[in-house]
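The structure appears right after this line, and notes come after that.
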Amino acid sequence: MSDILIQKIFRLVDELDLESPGTVRDRINRAEKKALIDSAREFVMIRELRNAIAHEYEDEALSKIHQEVLRLTPVLLAVPDKIEHYLHDKLS
């Protein structure tokens, strides 16, 4: 979900706002400024966690990753509603 939000949705919102694409970090920072996310720092952590999930195989590390996933899941799940409200207000 984080990949779809960052790579597709945040990029689309930037295009609708006539923003240049920039880096992943740029998209995350703009998403925070637009109130699509509460914290760019948290979303960077989500991005780093996604990378850790893709590359970690040790059981002990996986347990820590699992705890972080549980902690950050509500942050991630709150974003689609914020995007919907932003776009509704923007396009109305």
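The figures here come from the full heavy-atom set of this structure, side chains too, leaving out hydrogens, waters and symmetry mates.
- With sequence neighbours left out, the side chain to side chain donor-acceptor pair (under 3.5 Å) criterion links E84 to no other residue.
- In terms of the side chain to side chain donor-acceptor pair (under 3.5 Å) criterion, N29 has no residue partners (sequence neighbours excluded).
- Sorted by first and then second residue, the salt bridge (Lys or Arg N to Asp or Glu O under 4.0 Å) pairs with a member in residues 4-13 form an empty list; sequence neighbours excluded.
- Listed here is the closest heavy atom pair of V69 and T73: O-OG1, 2.5 Å.
- For S92, there are no side chain to side chain donor-acceptor pair (under 3.5 Å) partners two or more places apart in sequence or in a different chain.
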For this session: Quick one: do K82 and D38 satisfy side-chain contact (heavy atoms from CB on, under 4.5 Å)? Show the steps, please.
Result: CA-CA 10 Å; K82 292 178 182 191; D38 292 333; 2.4 Å; yes
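- In terms of heavy-atom proximity, P21 sits nearest to R27 at O-CG, 3.6 Å.
- Atom-to-atom distance recorded for S2:OG and M45:CE is 13.0 Å, nearest 0.5 angstrom.
- The heavy-atom pair separating L36 from I83 by the smallest distance is CD2-CA, 3.9 Å.
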For this session: Using the side-chain contact (heavy atoms from CB on, under 4.5 Å) rule, take L16 and L87 through it: C-alpha gap first, then chi angles, then the decisive distance, then the call.
Result: CA-CA 9 Å; L16 292 171; L87 291 175; 3.9 Å; yes
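- Considering only residues two or more places apart in sequence or on other chains, D89 meets the side chain to side chain donor-acceptor pair (under 3.5 Å) condition with none of them.
- Checking side-chain atoms of E32 against main-chain N and O of A40 turns up a donor-acceptor pair under 3.5 Å.
- Cluster membership for V79 and I4, using ILVMFWY side-chain heavy atoms within less than 4.5 angstrom, is shared.
- Scanning for side chain to side chain contact (heavy atoms under 4.5 Å, CB included) contacts around T23 gives R25, D26, with sequence neighbours left out.
- Both L77 and L5 are part of a single hydrophobic cluster, where members link through side-chain heavy atoms under 4.5 Å apart.
- The list of ring-ring contact (aromatic ring centres under 6.0 Å, His included) pairs with a residue in residues 3-42, not counting sequence neighbours, reads F10-F43.
- Within the structure, ring-ring contact (aromatic ring centres under 6.0 Å, His included) contacts touching residues 58-79 (residues at least two apart or in different chains) do not occur.
- Scored by the side chain to side chain contact (heavy atoms under 4.5 Å, CB included) test, L18 finds no partners at all (sequence neighbours excluded).
- In this structure, M1 CE and I9 CD1 are separated by 9.5 Å, a value rounded to the nearest 0.5 Å.
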For this session: Run the numbers on I28 and I37 for side-chain contact (heavy atoms from CB on, under 4.5 Å), then give the verdict.
Result: CA-CA 8 Å; I28 290 171; I37 59 175; 3.9 Å; yes
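- To the nearest 0.5 Å, the span separating CG on L72 from CD on Q67 amounts to 12.0 Å.
- Residue pairs meeting the salt bridge (Lys or Arg N to Asp or Glu O under 4.0 Å) criterion with at least one member in residues 63-72, sequence neighbours excluded: E68-R71.
- Looking at residues two or more places apart in sequence or on another chain, you find a side chain to side chain contact (heavy atoms under 4.5 Å, CB included) between K90 and D17, Y86.
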